[in-house]
Colleague: 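Take a look at the following structure, please.
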There are 2 protein chains.
Amino acid sequence: MASKQQTSRKAAGTRAAIRRPQARAANGRTQGDAGDDIGLDALVGHAGYAVRRFQLWIFQDFIKTLATVDIRPTQYSVMTVIGANPGLSQMAVAKRLGIERARLVHLLDSLEERAFVSRIPSATDRRSHALHLTGPGKTALVQFKRLAAEHERHVADKIGRENREQLLRILACFT
Amino acid sequence: MASKQQTSRKAAGTRAAIRRPQARAANGRTQGDAGDDIGLDALVGHAGYAVRRFQLWIFQDFIKTLATVDIRPTQYSVMTVIGANPGLSQMAVAKRLGIERARLVHLLDSLEERAFVSRIPSATDRRSHALHLTGPGKTALVQFKRLAAEHERHVADKIGRENREQLLRILACFT
DNA sequence: AAAGATTGTTGTTGACGACAACAATTGATG
DNA sequence: CATCAATTGTTGTCGTCAACAACAATCTTT
């Protein structure tokens, strides 16, 4: 942090800027202005880039759509799995969702504080907890699913209903 | 942090565990073991979940494939855009890639330290920098692109060549 | 010249993935 | 049965990343 010497900002002007008018970009643009015709070059052929942008958009919409109930995508996924498979251990949930068990601890803490989920000591294995939705948790999840379905409609509006289903088919092997 | 009272762990055994044998899950499974047949319920219909899992996989593969040159996806995207549009300002690059300009500062710091990119004071606007690849930066980028193409082949192997192209088409509106 | 917007920068916050260590407990092996 | 390895939940740290807020320097507008 203390090493960055800032050759440009504060000392701007000391360097003579001996450059031909401007090494005109690959486009027709001279400077880096607002013009939205900046080429992405190899990036357009990369699935990762498109997926990253898409995921950003989709998560933001999810968070916004479920803002009134203050539930984030990961929390929703945890509650959904527990709701469909009551009695699961934390390890099982973590493994199934691809979450680290260390991270799941905090997620469950927050959900337990809000009385949506309860950790019940397993009768057969005193190391593990059997995860269950509470009464209020079940009721809440119904509403969450309604809102999540609304979010899913936003997705369909954005990329098209057909495309959304195709996408789900293509990525089914990751779920 | 100091409030979590841990009703289960340390005090395990004090509570009588008055529960019928086990509230058998929706599946046939009793406990939350390793069995990989845990239902996802509503999650399977959510694009966001599939996309999150896919992005995780794809980024890990990218990082692994480009590990020898120590370049991460975001760094690659920055260098690619600068390479294709020399002279861009930081604002322009940030806006184009959907990165925050605050974040781009650090990205450029690291790339400038490695002498891949240089911030040249703009001749027309003394606030902004014109971003360029250095000689070594251009050479390196060629290799990065080769490795990135190899990564892209991994993606095609994973989800299928046809599916990959379809995916790119569907998500083209986000790039 | 003054007011407002833009650009790069610094800093903070919170979500998240990865990893390492630990106590309690279970399971397997001798 | 005693012992050792493995598992489970937990705590902690580290680094990445998005989102904001504030700031100085500089442009733009009036």
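Since we're looking at a predicted model, the values are computed, not measured. Chain naming here is simple, since letters A, B, ... match the order of the sequence lines and numbering starts at 1 in each.
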Colleague: Side chain of A:Ala102, heavy atoms from C-beta onward: which of C:dG8, D:dA18, C:dA20 has the nearest atom to it?
Modeller: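 Of all the options, the side chain of A:Ala102 is nearest to C:dA20.
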Colleague: Are any of the side-chain nitrogens in A:Arg161 or A:Glu165 under 4.0 Å away from the carboxylate oxygens of its partner?
Modeller: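 Yes.
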Colleague: Give a yes or no on whether B:Val105 and B:Leu111 share a hydrophobic cluster (residues Ile, Leu, Val, Met, Phe, Trp, Tyr; joining criterion: side-chain heavy atoms under 4.5 Å apart).
Modeller: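 Different clusters: B:Val105 never reaches B:Leu111 through Ile, Leu, Val, Met, Phe, Trp or Tyr contacts under 4.5 Å.
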Colleague: C:dG14 P sits how many Å from A:Leu107 CG, rounded?
Modeller: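 To the nearest whole Å, that distance equals 16 Å.
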Colleague: Please go through A:Ile63's hydrophobic cluster and name the other residues, only I, L, V, M, F, W, Y counting, with side-chain heavy atoms under 4.5 Å joining them.
Modeller: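 Hydrophobic cluster check, A:Ile63: no partners found.
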Colleague: Output yes when at least one side-chain N/O atom of B:Gln90 is less than 4.0 Å from OP1 or OP2 of C:dT9, else no.
Modeller: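 Result: yes.
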Colleague: Taking only heavy atoms on the protein side, list every residue of residues 57-79 of chain A lying under 4.0 Å from any atom of DNA chain C, sorted numerically.
Modeller: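 Those residues are A:Arg72, A:Thr74.
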Colleague: Does D:dG9 have OP1 or OP2 under 4.0 Å away from a side-chain N or O of A:Arg101?
Modeller: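 Answer is no, no contact under 4.0 Å.
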Colleague: In whole angstrom, give the distance that lies between atom CG of B:Leu108 and atom P of C:dT9.
Modeller: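 One finds 8 Å between P of C:dT9 and CG of B:Leu108, rounded.
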Colleague: Using links of under 4.5 Å between side-chain heavy atoms of ILVMFWY residues, direct or through other members, which residues join A:Val51 in one cluster?
Modeller: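 In the cluster with A:Val51 are A:Phe54, A:Trp57, A:Ile58, A:Phe59, A:Val155, A:Ile159, A:Leu167, A:Ile170, A:Leu171, A:Phe174, B:Val51, B:Phe54, B:Trp57, B:Ile58, B:Phe59, B:Val155, B:Ile159, B:Leu167, B:Ile170, B:Leu171, B:Phe174.
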Colleague: How close or far is atom P of C:dT9 from atom CG of B:Asp109, stated in whole angstroms?
Modeller: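 That distance rounds to 7 Å.
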Colleague: Using whole Å, report how far CE of B:Met91 lies from P of C:dA5.
Modeller: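 Rounded to the whole Å, the gap is 15 Å.
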Colleague: Can you tell me which nucleotide in D:dA18, C:dT9, C:dT26 comes closest to the side chain of B:Arg119?
Modeller: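 Nearest to the side chain of B:Arg119 among the choices is C:dT9.
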Colleague: For A:Ile99 and C:dA15, give me the distance from atom CD1 to atom P, rounded to whole Å.
Modeller: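 Roughly 14 Å, once rounded to whole Å.
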Colleague: Which nucleotide in the set C:dG17, C:dG8, C:dA24 lies at the smallest distance from any side-chain heavy atom of A:Arg127?
Modeller: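 For A:Arg127, the side-chain atoms sit closest to C:dA24.
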Colleague: Among D:dC27, D:dT8, C:dG8, which nucleotide has an atom closest to any side-chain atom of B:Ser89?
Modeller: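 Selected nucleotide (nearest to the side chain): C:dG8.
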Colleague: What residues, two or more places apart in sequence or in another chain, satisfy salt bridge (charged side-chain N to carboxylate O under 4.0 Å, His left out) together with A:Arg72?
Modeller: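 Not a single residue meets the salt bridge (charged side-chain N to carboxylate O under 4.0 Å, His left out) criterion with A:Arg72.
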Colleague: Assign A:Glu100 to base, sugar-phosphate, or nothing according to its heavy-atom contacts below 4.0 angstrom with the strands shown.
Modeller: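 Base: the residue A:Glu100, judged by heavy atoms under 4.0 Å, touches a nucleobase.
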Colleague: B:Arg103 side chain: which of D:dA18, C:dT9, C:dT25 is closest?
Modeller: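 When the side chain of B:Arg103 is considered, D:dA18 is the closest of D:dA18, C:dT9, C:dT25.
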Colleague: In whole angstrom, what separates A:Arg52's CZ from C:dC16's P?
Modeller: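 Result: 17 Å.
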Colleague: Using salt bridge (charged side-chain N to carboxylate O under 4.0 Å, His left out) as the criterion, list what pairs up with A:Asp61, not counting sequence neighbours.
Modeller: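 Partners of A:Asp61 under the salt bridge (charged side-chain N to carboxylate O under 4.0 Å, His left out) test: none.
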Colleague: In whole angstroms, how far is the C1' atom of D:dG12 from the NE2 atom of A:His106?
Modeller: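 Computing the A:His106:NE2 to D:dG12:C1' distance gives 8 Å.
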Colleague: Which nucleotide sits closest to the side chain of B:Val105: C:dT10, D:dT11, D:dT8?
Modeller: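 In terms of side-chain proximity for B:Val105, the closest of C:dT10, D:dT11, D:dT8 is C:dT10.
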Colleague: Quick one: hydrophobic cluster around A:Leu56, which other residues, with the 4.5 Å side-chain cut-off, linked directly or via members?
Modeller: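 Noted: A:Leu56 shares its cluster with no other residue.
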Colleague: Could you check how far CG of A:Leu104 sits from C1' of C:dA18, rounded to whole Å?
Modeller: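 Value for this atom pair: 15 Å.
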